[in-house]
Engineer: 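Sending over a structure as structure tokens; questions will come in a sec.
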Amino acid sequence: MPVARPEPSDSRVIAHIDMDCFYVQVEQRKQPTLRGHPTAVVQYNSWKGGGLIAVGYEARKFGVKRSMRGDEAKKVCPDIQLVQVPVARGKADLGVYRNAGSEVVSILSRKGRCERASIDEVYLDLTEAAETMLAESPPERLDGISEEALKSHVLGLHLDGASTRDCVRAWFLMSDADHRDRLLACGAIIVAELRHEVLKETEFTCSAGIAHNKMLAKLASGMNKPAQQTVVPLSSVEKLLESLPVKKMKQLGGKLGTSLQVDLGVNTVGDLLQFSEEKLQERYGINTGTWLWNIARGICGEEVEDRLLPKSHGSGKTFPGPQALKTISSVQKWLNELCEELSERLLCDLEENKRIARTLTLHASAYKLNDSESLKKFPSKSCPLRYGIAKIQEDALKLFHAGLREYIGIYHVRSKECKHEWAITGLSVSASKIVGIPSGTHSIMKYFHNLNQTSTTTSNDICTQDAAPLSPSGLHLADPQMDTYEDEARTRHETPSLYTVADETEVCKGLKSGSESGLVSELTQSKMDFLGAGLKSEKQKKKFEKEKGNPSILRFFHSPDAFSFPEHGRVKTCQESGASSSGDLLQENKQPIAGTSISTCSLGRNDIRNDAWSYKSDEIDPTVLNELPPEIQAEVRAWLHPEKRAKSVKRGSSIVHYFSSRADL
DNA sequence: ACGGGTTCGACC
DNA sequence: TGGTCGAAC
């Protein structure tokens, strides 16, 4: 599973920052009286007092552990304060922690490349910052080294007689040391600063590891907690790994680690050194074998990705034992809840980060009643993601049915009173393949926004009800009630009908009446909306008319600084759920304005630009394109090929060439 | 009948 | 590519 990377010729400076019992800190900040008291965060669950998912350090002294029940925690620590995870729509809602994590990221990303590794973990590549510091103001020329930096734990530092602090200071100041160690020292000073800023600005403490690669940094960040940092000089690596149990290493905590112990008798990372690369490859495959061989030597080429935002969003819930869902309608009910949350988060991501997700995936777990093959896995299914709560809900339910049919097998497709021989113990929906949209097309957001609002009124939404998702994989997503009517389902799918749009804005109503055939692609509709959305005054309408032939998308491509991605900008979070600003969306009819934010809840202060766009090409009937005005066709075709665009982005301005070369299509 | 809910990466 | 599996927090 782990894979070896070509070692970037380096003496990089990598930091891993790990928030201390993060959920507890978030709750303690919210409710300061909890500070200093033994505290734990429990997940909603009245069963045995709920499950602990985070335990504060005061409570750990009493032996309280994660994965204890609330009741057990009370037993060993009667004074413990148990705080419940917020609940929304009948399920745990981690939004507050996600947002708190974003606060931290927006601070930590100031000094170098930053990768958000999880809700409470970050990797930083501080190589450049450390090199600059070493060249311009090395530790020995500093007035003083910060207290925080002097509290660093430096592995392998022999503490001879003098106080620990003095030894650490000496290590920081040692000018004859290995260049790479000096870089680490600079890194440690920078990290100490960053941690201090995090504390000042968020009230959260964190721990950190500073080393030459991600693996060692991660290992180190966990060695001295809470609120401390650990440095791993090159010279300390061999001894560190020699006696380190393999299970402590990231990626070796599971089956692979067990296999090393059981099959090879490898108990410590040092034990791995006996095995040749070939031997390891032979047993674990080329990639994993090489990866293991490197790990044994403290080598890890993995780069710090430049990414501040998550790659996907998901919402799920388990229904253990007796709570298992046994009817379609209960499944539908819960899917609706999950989809609602997902949709809300997608809309936030769109507003805050100008990104859209392209794939919807449904996962479920199930068991079979009175059946031998109850081990069978419920297959996950995915389809193109359509925005709007009702559409997501509808598609998720169809995906569920598709999975269920496969799960129970073709023999049971008989009739409707197939007694529930299945029970669902877990449901989750997720949205992935998230790409940015260009800043020149932000009125698209208005379109999505309207979609979402109107689609909550499901009954009069004829277009949506009519729509049958076309799946790229050829998966037949028949309506639930059509399970047994294959023929009818097929004829419906053969009709070349496209999605129409449930949009009740005045502009779109007008446009729709002109094309009542229903053969209006979502994209076309979105185009209409793009051109016309939100134009209220006559003045604006005139402006709209004028710009019609010269869409801002086109201008966008000629804008010199058009391409940069959200990941490089500030982190934004979706604060209060649903409290989306109906704010000024008209600006997209003007030139994109650098650094302009329409968000009411943005953080940080770097300017942010987002670009790269793409869409659900699977849903667009190619023949429709030919009927569009040429310049719009060109736009659409570009839209349909995000991968070409992505490449072009890398090559910089060649995107303009690509685009203009297609303008005549 | 359980640490739950997420997120990510690799493999095929 | 979609889907599965594993790992981590």
Side-chain angles (χ1 to χ4, degrees), chain A residues 1-5 16 18-23 40-45 47-55 65-70 72-73 84-88 91-95 97-98 101 115-122 218 221-222 247-259 284-288 291 302 305 307 309-324 338 341-342 345 358-363 365 367 376-384 399 402-403 406 423 425-434 471-475 618 643:
Chain A
M1 179 182 290
V3 76
R5 298 259 174 253
H16 179 258
D18 198 335
M19 305 308 292
D20 306 318
C21 54
F22 190 45
Y23 292 6
V41 174
V42 295
Q43 192 122 271
Y44 166 81
N45 199 338
W47 194 60
K48 293 189 178 177
L52 273 54
I53 56 173
V55 180
K65 301 221 183 74
R66 264 177 315 183
S67 91
M68 270 184 174
R69 295 273 150 200
E72 304 170 62
Q84 292 225 334
V85 173
V87 174
K91 65 179 288 298
D93 182 0
L94 305 181
Y97 311 120
R98 250 181 241 117
E115 174 182 335
R116 186 178 196 166
S118 79
I119 200 165
D120 71 338
E121 278 180 289
V122 154
K218 162 88 178 166
S221 71
K247 290 270 186 186
K248 300 275 186 191
M249 295 282 319
K250 187 171 175 192
Q251 299 287 1
L252 298 182
K255 291 184 179 179
L256 183 54
T258 303
S259 165
Y284 296 109
I286 300 265
N287 284 324
T288 305
W291 181 83
E302 205 183 317
E305 304 281 320
R307 184 173 54 75
L309 299 171
K311 289 182 173 172
S312 64
H313 301 287
S315 175
K317 178 165 173 59
T318 55
F319 309 93
Q323 291 169 223
L338 298 175
E341 183 192 326
L342 182 61
R345 284 165 57 193
R358 305 202 298 159
T359 301
L360 175 71
T361 306
L362 176 127
H363 298 270
S365 50
Y367 66 87
K376 190 172 167 190
K377 294 236 162 48
F378 195 101
S380 42
K381 294 289 164 198
S382 54
C383 71
L399 291 174
E406 206 172 308
T425 55
L427 282 177
S428 87
V429 288
S430 55
S432 58
K433 306 208 178 127
I434 303 180
S471 163
S473 59
L475 174 69
D618 313 279
E643 52 313 320

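What you see below is based on every heavy atom in this structure, not just the backbone, and it leaves out hydrogens, waters and symmetry mates. What you are looking at is a predicted structure, and each value in this text was computed from that prediction instead of being measured. Quick note on labels: first sequence line is chain A, next is B, and so on, each numbered from 1.
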Engineer: Can you tell me if the side-chain N/O atoms of A:Arg116 get under 4.0 Å from OP1 or OP2 in B:dT7?
Structural biologist: no
Engineer: Pick the closest DNA chain B nucleotide for A:Pro322 and for A:Ser315 by heavy atoms, then say which residue is nearer the 5' end.
Structural biologist: A:Pro322
Engineer: Of the options C:dC9, B:dG5, C:dA7, whose atoms approach the side-chain atoms of A:Thr318 most closely?
Structural biologist: B:dG5
Engineer: Both A:Arg66 and A:Glu305 contact DNA chain B. Taking the nearest nucleotide for each, which residue is further toward the 5' end?
Structural biologist: A:Arg66
Engineer: Can you tell which of C:dT4, B:dC8, C:dA7 lies closest to the side chain of A:His363?
Structural biologist: C:dT4
Engineer: Considering only NZ, NE, NH1 and NH2 on the basic side and carboxylate oxygens on the acidic side, decide whether A:Lys65 and A:Glu72 come within less than 4.0 Å.
Structural biologist: no
Engineer: For A:His313 and B:dG5, what is the distance between atoms NE2 and P respectively, to the nearest whole Å?
Structural biologist: 19 Å
Engineer: Using whole Å, what does the distance between atom C1' of nucleotide B:dC8 and atom CD of A:Gln251 come to?
Structural biologist: 10 Å
Engineer: Ring centres within less than 5.5 Å and planes less than 30° apart: is that true of A:Tyr97 and B:dG5 in this structure?
Structural biologist: no
Engineer: For the pair made of NZ in A:Lys317 and P in B:dG3, what is the distance, rounded to whole Å?
Structural biologist: 16 Å
Engineer: Classify the side-chain pair A:Thr359/A:Ser432 by whether it contains a donor and acceptor separated by less than 3.5 Å.
Structural biologist: no
Engineer: State which of C:dT1, B:dG5, B:dA1 makes the closest approach to the side chain of A:Leu94.
Structural biologist: B:dG5
Engineer: Report which part of the nucleic acid A:Lys65 touches: base, sugar-phosphate, or nothing (heavy-atom distance under 4.0 Å, all strands).
Structural biologist: nothing
Engineer: Report yes if a side-chain nitrogen or oxygen of A:Lys91 is closer than 4.0 Å to either non-bridging phosphate oxygen (OP1 or OP2) of B:dT6; otherwise report no.
Structural biologist: yes
Engineer: Within the structure shown, what part of the strands sits under 4.0 Å from A:Leu362 by heavy-atom distance: base, sugar-phosphate, or nothing?
Structural biologist: nothing
Engineer: Of the candidate nucleotides B:dA1, B:dC11, B:dG5, which contains the atom at the shortest distance from the side chain of A:Asn287?
Structural biologist: B:dC11
Engineer: Ignoring the backbone of A:Lys433, work out which of B:dA1, C:dT1, B:dG5 is nearest its side chain.
Structural biologist: C:dT1
Engineer: Under 4.0 angstrom, heavy atoms only, what part of the nucleic acid is A:Glu121 near: base, sugar-phosphate, or nothing?
Structural biologist: sugar-phosphate
Engineer: Between C:dC9, B:dG5, B:dC8, spot the one nearest the side chain of A:Lys311, thanks.
Structural biologist: B:dC8
Engineer: Counting side-chain heavy atoms from C-beta on, which of B:dT6, C:dT4, C:dG3 comes nearest to A:Ser382?
Structural biologist: C:dG3
